[in-house]
Amino acid sequence: MSAPPSFADRVYATVARIPRGRVTTFGRIARVCGDPRSARMVGWALAAVVDEQRLPCHRVVNRHGFLTGGWHFGHPDVMRGLLLAEGVPFLEDDQVDLAVCVWEPDDLDDDGPPD
DNA sequence: AACATGACGGTAG
DNA sequence: TCTACCGCCATGT
């Protein structure tokens, strides 16, 4: 690969690093990718992801913790089920508790939420 | 070629 | 605290 990694490639690499039971936001990913203002491009990249990518794109929510991309899984209940199966706490049927399960790409992958 | 839209985020009022 | 506007860039019409 002589060519440098594209913005989307960095997004995939970051999403692949999200620990199980944790979630992250578009802005965090965009920030790590070098363009904190291109959060929309993060969503666009995830929308292009296919199941063969094997990326935990269901662990990516917006800064409010809402499952904005629920319909991209066929139905919001699919994305919700995946997160619930990982032990991600929900504040509402379509909102997760970012205060507990948020994960920062720059931080080490710890599986224990702050007491 | 131009306009409108979108899995968003930040700042201003 | 909530609402509104802007910026960002690729895609579709």
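We name chains A, B, ... by the order of the sequence lines, and we start the count at 1 in each one.
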Flag the pair A/Leu98 / A/Val96 as yes when at least one side-chain heavy-atom distance between them is below 4.5 Å, and no otherwise. yes
Going by side chain to side chain contact (heavy atoms under 4.5 Å, CB included), name the residues that satisfy it together with A/Ala13, two or more places apart in sequence or in a different chain. none
Would A/Val61 and A/Phe66 satisfy side chain to side chain contact (heavy atoms under 4.5 Å, CB included), going step by step from the backbone distance to the final call? CA-CA 6 Å; A/Val61 297; A/Phe66 287 101; over 6 Å; no
Go through residues 32-47 of chain A and report each residue with a non-hydrogen atom lying under 4.0 Å from DNA chain C, sorted by number. A/Arg37, A/Ser38, A/Arg40, A/Met41, A/Trp44
Can you tell me the distance, in whole Å, between the NE2 atom of A/His64 and the P atom of B/dA7? 16 Å
Just how far, in rounded Å, is P of B/dG10 from CD1 of A/Ile29? 13 Å
Go through the structure and list residues passing side chain to side chain contact (heavy atoms under 4.5 Å, CB included) with A/Val15, not counting sequence neighbours. A/Val11, A/Ile18, A/Ile29, A/Leu46, A/Leu55, A/Pro56, A/Val60
Would you confirm whether A/Tyr12, through its side chain, and A/Ala45, through its main-chain N or O, come within 3.5 Å as a donor-acceptor pair? yes
Show me the donor-acceptor pairs, under 3.5 Å and distance only, between side chains in residues 68-92 of chain A and residues at least two apart or in other chains.
{"unit_1": "A/His75", "atom_1": "ND1", "unit_2": "A/Asp77", "atom_2": "N", "d": "3.2"}
{"unit_1": "A/Arg80", "atom_1": "NE", "unit_2": "A/Asp93", "atom_2": "O", "d": "2.7"}
{"unit_1": "A/Glu86", "atom_1": "OE1", "unit_2": "A/Gly21", "atom_2": "N", "d": "3.2"}
{"unit_1": "A/Glu86", "atom_1": "OE1", "unit_2": "A/Arg59", "atom_2": "NE", "d": "2.9"}
{"unit_1": "A/Glu86", "atom_1": "OE2", "unit_2": "A/His58", "atom_2": "NE2", "d": "3.1"}
{"unit_1": "A/Glu86", "atom_1": "OE2", "unit_2": "A/Arg59", "atom_2": "NE", "d": "3.1"}
{"unit_1": "A/Glu86", "atom_1": "OE2", "unit_2": "A/Arg59", "atom_2": "NH2", "d": "2.8"}

Taking the P atom in each of C/dC5 and B/dA4, what is the distance between them to the nearest angstrom? 15 Å
Would you say that A/Asn62 contacts A/Thr25 through its side chain, given a criterion of any heavy-atom pair below 4.5 Å between the two side chains? no
At the 4.0 Å heavy-atom cut-off to chain A, mark where contacts on DNA chain C begin and end, going 5' to 3'. C/dG7 to C/dT11
Using the criterion of both pairing distances under 3.5 Å for Watson-Crick and G-U wobble pairs, give all stems of 3 or more consecutive pairs involving DNA chain B. B:2-6 with C:9-13, B:8-13 with C:2-7
Write down the distance between CZ (A/Arg31) and C1' (B/dC8), rounded to a whole number of angstrom. 15 Å
Tell me the salt bridge (Lys or Arg N to Asp or Glu O under 4.0 Å) pairs involving residues 24-43 of chain A, sequence neighbours left out? A/Arg28-A/Glu104
Residues from residues 68-85 of chain A sitting under 4.0 Å of DNA chain C, heavy atoms only? none
Suppose you measure atom C1' in C/dT3 against the same atom in B/dA7; what distance do you get, rounded to whole Å? 22 Å
Please give, in whole Å, the distance from B/dA7 P to A/Leu55 CG? 18 Å
Within-4.5 Å side-chain heavy-atom neighbours: A/Pro105 and A/Thr24: yes
Rounded to the nearest angstrom, tell me the gap between atom CG in A/Leu67 and atom C1' in B/dC8. 15 Å
Suppose the criterion is salt bridge (Lys or Arg N to Asp or Glu O under 4.0 Å): which pairs have a residue in residues 63-76 of chain A, not counting sequence neighbours? none
If you take all heavy atoms of A/Ala39 and A/Phe26, which pair is closest and at what distance? O-CB, 4.2 Å
